[in-house]
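Here is the structure we will look at.
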Amino acid sequence: MAEILYEPAAEILKNLGSLVAQQVGSSFGGLNNELRKLSTTVSSIQAVLTDAEEHQGSNHQDWIRRLKKVFYEADDLLDDFATEVTHRKLVNKVKIFFSKSNPLLYNLKISYRFKEIRETLDLIAKDKASLNLVERRQPLLPRPNSVQLNLDRETYSFVPDGEVIGRNDDKKEIVDFLLDSEVEENVVVISIVGLGGLGKTTLAQWVYNDEMVEKNFDKRLWVCVSDVFEVKMIAEKIGESAGGKKGNYLQLDAVQNELREMLDGKKYLLVLDDVWNEDALKWSRLKNMLIGGARGSKILVTTRSDVVAEVSGSIRQHKLGDLSKEEAWTLFEKMAFECNKESENSNLVEIGKEIVRKCGGVPLAIRSVGSLLRLKRTEGEWIYFKNQDLSRITREGNDVMAILRLSYSYLPQHLKICFAYCSLFPNDFEIHRFDLIDMWIAQGFIQSTTNNRDNVEDVANSYFMDLLRRSFFQESEEHESFSHFYKMHDLIHELAKEVADREFFSIKKNEDTEVVPEQTLHVSCLFEIDDSSVFPSPFYRKHMKLRTFIYLNDSIYGVMCNSTLGRMISSFERLRVLHLCDLQIKLLPQSLGGLKHLRYLAISSVSDVTLPNSITKLHNLQVLKLVNCSNLKKLPRDIWRLVSLRHLVCRWCRSLTHIPPGLWHLASLMHLDFDDCFSLEDMPPGIGQLTSLRTSICNWRKNAYRCSEKDGTSSTAVCRVPIWKS
């Protein structure tokens, strides 16, 4: 998918700019000119990616596939080159050589590879003209494909009696506020916010037609806004709903005058349904046309985004959640059984309840599935539907998924690949927010708004919060008091798997290793690994370009033997993320130091794990998390060579006694966590010299040390706990 390529292109351009700015070409055979040419080519290609996304022709898809392959090769090459630059600087600094590479031979080789990639990209770029791709320097929201798209989503104000199941409390709360006479402003905005398919429009219809609401307002107006938020168009629709003639005014002023004649001095309720606009200026212009209503006038907005609710100036947001189990079953029973006698069949009822559970309390999903099952009468048909058709229709023709796809299409480009990455987690998985954003950073998905490296975490966190506010995540109820854990709704998870295409794959059983697509770059392993379940040799040969390997099975019996781990590390040399938690690992091989692209390494093992000193060759490593390694006794002596390290976490490593000296050399270190390391005898000198440090948590000999070194003062620091829950 083209949108998945936008961020790699941005990362390539950022790295090219950084290398050119450092004038590294003078030390590498005059590469600056070649780097500038490559930057120009990538920039011209990036400009048409948004347009390529909207085309579905086979030629466009083939062009995108060719481009993906070369883009990732270019990204790997740039990373390799930047690592060599860092390596040589470090060599010069400490006056030692810990590499056997021949600098002259490397210079010739890297120059040839850059030229080869640039020429390949030039050929691909020439094909833009034949594909009629249009340059867009800024990513745009997708335009409606046709007028029919808007017509399909047009809503109306009436809802039949008995159409709404549940939502009584939601209705009462909204109606009470609409009738509240204590509100001082003439016109106020409130919002109903929730995931697509939850029934926001239906609830708004129910409220709109409430008897007390009808009596309380002089005028009630309903406008379906949908994709396009044009002030003049919406004003015309409001006027038409208020009883005016359908006009085609040339001037906005004429529309405004007619609207004021209709509404000024009157107490009105205006429902703006299905709103997507996040432009505060457009909201302000529209509200200025509506401000003349009498005191008590209300504007009720339905939207899927907290951002929209905030920008609209809502003084209250009503968050709409899933139906309860009882309400979901009542709705399904009404749709699937209606007045049929099949509802008396206890077996069908049990099968139906399993199906309802998979619908996740989303009314639109329940209605769609219930309507389909109404025509099926036998247990066999229902069982087949549950096991086969249900997963298929959520990927193809289901209305809910169509709505969710639309939510995805409205995401900014930079959020799309971050969302797709979440497909690696299993259903109902509790994702730790900070672990996830560390992985995004490691993959280069986060584009910092400044040159300040400290800013990247703040930007990554804003990405997550943006997805949360757009209902792509929901807080885990199990951790209400500790709000770093989040889940994805089942249907959202289905959407993530769909948009992830073939670049992301979750291996659920050993046999799946044979069907992982060749294009896959990111893999999660969800089955229990033991000495008898090793990956077949073709899996290693086929997927040498993997960038992510995450093990997410929390069984205490998981074992990764030395040979399996050694083969994995030697084969997957391009890994950026390696997460091996809740596995028994006794020996990390010296070959770990060969993962020169690695940014994120997390290990959790109750075995006698030891870290090889070769790990200090990982000059790109940003995050090192050692969790519950209860038998880990020491860290590598040259840990100070991890020049890019931002996080050093040794949590519940209760056999750790000493921290190597030289930690103060880690200028990029932002978070230091030695919590529950009770065998620590002291802290190394120079902690106060870590000028980038934001949080530090250390326990040793039953003494707690918590401080924030950012401003040089001691204070209680908020701990970013690196725990994975399933």
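- Within the 3.5 Å criterion, the main-chain N or O of Val275 finds a donor-acceptor partner in the side chain of Thr303.
- Evaluation of the ring-ring contact (aromatic ring centres under 6.0 Å, His included) rule for Phe229 yields Trp283 as partners, not counting sequence neighbours.
- The shortest heavy-atom contact between Ala496 and Met488 is CB-CE, 3.8 Å.
- A donor-acceptor contact shorter than 3.5 Å links the side chain of Lys542 to the backbone of Val516.
- In this structure a side-chain-to-backbone donor-acceptor pair under 3.5 Å is present from Trp382 to Lys376.
- Salt bridge Glu498/Arg405: present, at least one basic N to carboxylate O contact under 4.0 Å.
- Ring-plane geometry between Phe504 and His522 is classed as parallel, the angle between the planes falling under 30 degrees on a 0 to 90 degree scale with a further cut at 60.
- Residues Cys581 and Tyr551 approach most closely at O-CD2, 3.3 Å, considering heavy atoms.
- Here Glu310 pairs with Arg469 in a salt bridge; the nearest charged N to carboxylate O distance falls below 4.0 Å.
- Looking at Asp512 and Lys509, a side-chain N of the basic residue comes within less than 4.0 Å of a carboxylate O on the acidic one, giving a salt bridge.
- Distance alone, capped at 3.5 Å, places no donor-acceptor pair between the Ser571 side chain and the Met568 backbone.
- Under a 4.0 Å N-O distance rule, the pair Arg470/Glu278 qualifies as a salt bridge.
- In this structure a side-chain-to-backbone donor-acceptor pair under 3.5 Å is missing from Glu173 to Asp170.
- Under the rule for a ring-ring contact (aromatic ring centres under 6.0 Å, His included), His493 has no partner lying at least two apart in sequence or in another chain.
- Taken to the nearest 0.5 Å, the CD atom of Glu514 stands 12.5 Å off from the CZ atom of Phe535.
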* Decide side chain to side chain contact (heavy atoms under 4.5 Å, CB included) for Phe505 and Leu424; before the verdict, give the C-alpha distance in whole Å, the side-chain angles of both, and the deciding distance to 0.1 Å. => CA-CA 6 Å; Phe505 194 91; Leu424 295 175; 5.9 Å; no
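- A donor-acceptor distance shorter than 3.5 angstrom exists from the side chain of Trp440 to the backbone of Cys418, with no hydrogens or angles considered.
- Residue Tyr486 forms a ring pair (Phe, Tyr, Trp, His ring centres under 6.0 Å) with just one option from Phe434, Phe472, Phe464, and that option is Phe464.
- Using a distance-only test at 3.5 Å, with no hydrogens or angles considered, no donor-acceptor pair links the side chain of Thr548 to the main chain of Val577.
- Between Arg220 and Tyr208, the shortest heavy-atom distance links the atoms NH1-O, 2.7 Å.
- Among all heavy-atom pairs drawn from Cys525 and Phe549, the shortest one is CB-CZ, 3.9 Å.
- Note that CD of Gln584 and OG of Ser605 are 6.5 Å apart. Values are rounded to the nearest 0.5 Å.
- Residues Asp273 and Lys200 are not paired through a salt bridge, judged by the lack of any N-O separation under 4.0 Å between the basic side chain and the carboxylate.
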* Take Leu415 and Asp466, measure what side chain to side chain contact (heavy atoms under 4.5 Å, CB included) needs, and give me the verdict at the end. => CA-CA 8 Å; Leu415 293 182; Asp466 205 352; 3.6 Å; yes
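- Distance check: Ile507 CD1 to Leu526 CG gives 8.0 Å after rounding to the nearest 0.5 Å.
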* To do: Before giving the answer on side chain to side chain contact (heavy atoms under 4.5 Å, CB included), spell out for Leu320 and Arg167 the whole-Å C-alpha distance, their side-chain angles and the decisive distance to 0.1 Å.
  => CA-CA 9 Å; Leu320 197 60; Arg167 306 301 191 197; 3.6 Å; yes
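- Considering only residues two or more places apart in sequence or on other chains, Asp210 meets the side-chain hydrogen bond (donor to acceptor under 3.5 Å, both in side chains) condition with Lys171.
- Of the inter-residue distances, the one linking Arg651 atom CZ with Asp675 atom CG reads 4.0 Å to the nearest 0.5 angstrom.
- Smallest separation of non-hydrogen atoms from Pro517 and Arg502: CB-NH2, 3.6 Å.
- Checking Glu381 against Thr378 by side-chain atom types alone, a donor-acceptor pair falls below 3.5 Å.
- Although no hydrogens or angles enter the test, the distance criterion places a donor-acceptor pair under 3.5 Å between the side chain of Arg374 and the main chain of Met335.
- Between the Glu327 side chain and the Asp322 main chain, no donor and acceptor come within less than 3.5 Å of each other.
- Counting only distance, with no hydrogens or angles, the side chain of Thr302 and the backbone of Asp274 share a donor-acceptor pair below 3.5 Å.
- The aromatic rings of Phe572 and Phe539 sit perpendicular to each other, their planes meeting at more than 60°, with 30° as the lower class boundary.
- Within the cation-pi definition used here (under 6.0 Å to the ring centroid, within 45° of the axis), Lys508 does not qualify as a partner of Phe527.
- Partner Leu580 forms a side-chain contact (heavy atoms from CB on, under 4.5 Å) with one of Leu565, Ile529, Leu601 and no other, that one being Leu565.
- Checking Leu203, Ile165, Leu331 one by one against Pro363, the side-chain contact (heavy atoms from CB on, under 4.5 Å) holds for a single residue, Leu331.
- Here Lys625 pairs with Asp435 in a salt bridge; the nearest charged N to carboxylate O distance falls below 4.0 Å.
- Remark: Met465 CE to Asp306 CG distance equals 9.0 Å, nearest 0.5 Å.
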* Under the side-chain hydrogen bond (donor to acceptor under 3.5 Å, both in side chains) criterion, do Trp652 and Asn628 qualify, and how do the steps go? -> CA-CA 5 Å; Trp652 300 318; Asn628 202 26; over 6 Å; no
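- The neighbour count for Asp176 CG, taken as heavy atoms of other residues, nucleotides or ligands under 6.0 Å away, is above 12.
- From His579, atom NE2 reaches atom OH of Tyr600 across 5.5 Å, with rounding to the nearest 0.5 Å.
- Smallest separation of non-hydrogen atoms from Ser423 and Ala500: OG-CB, 3.4 Å.
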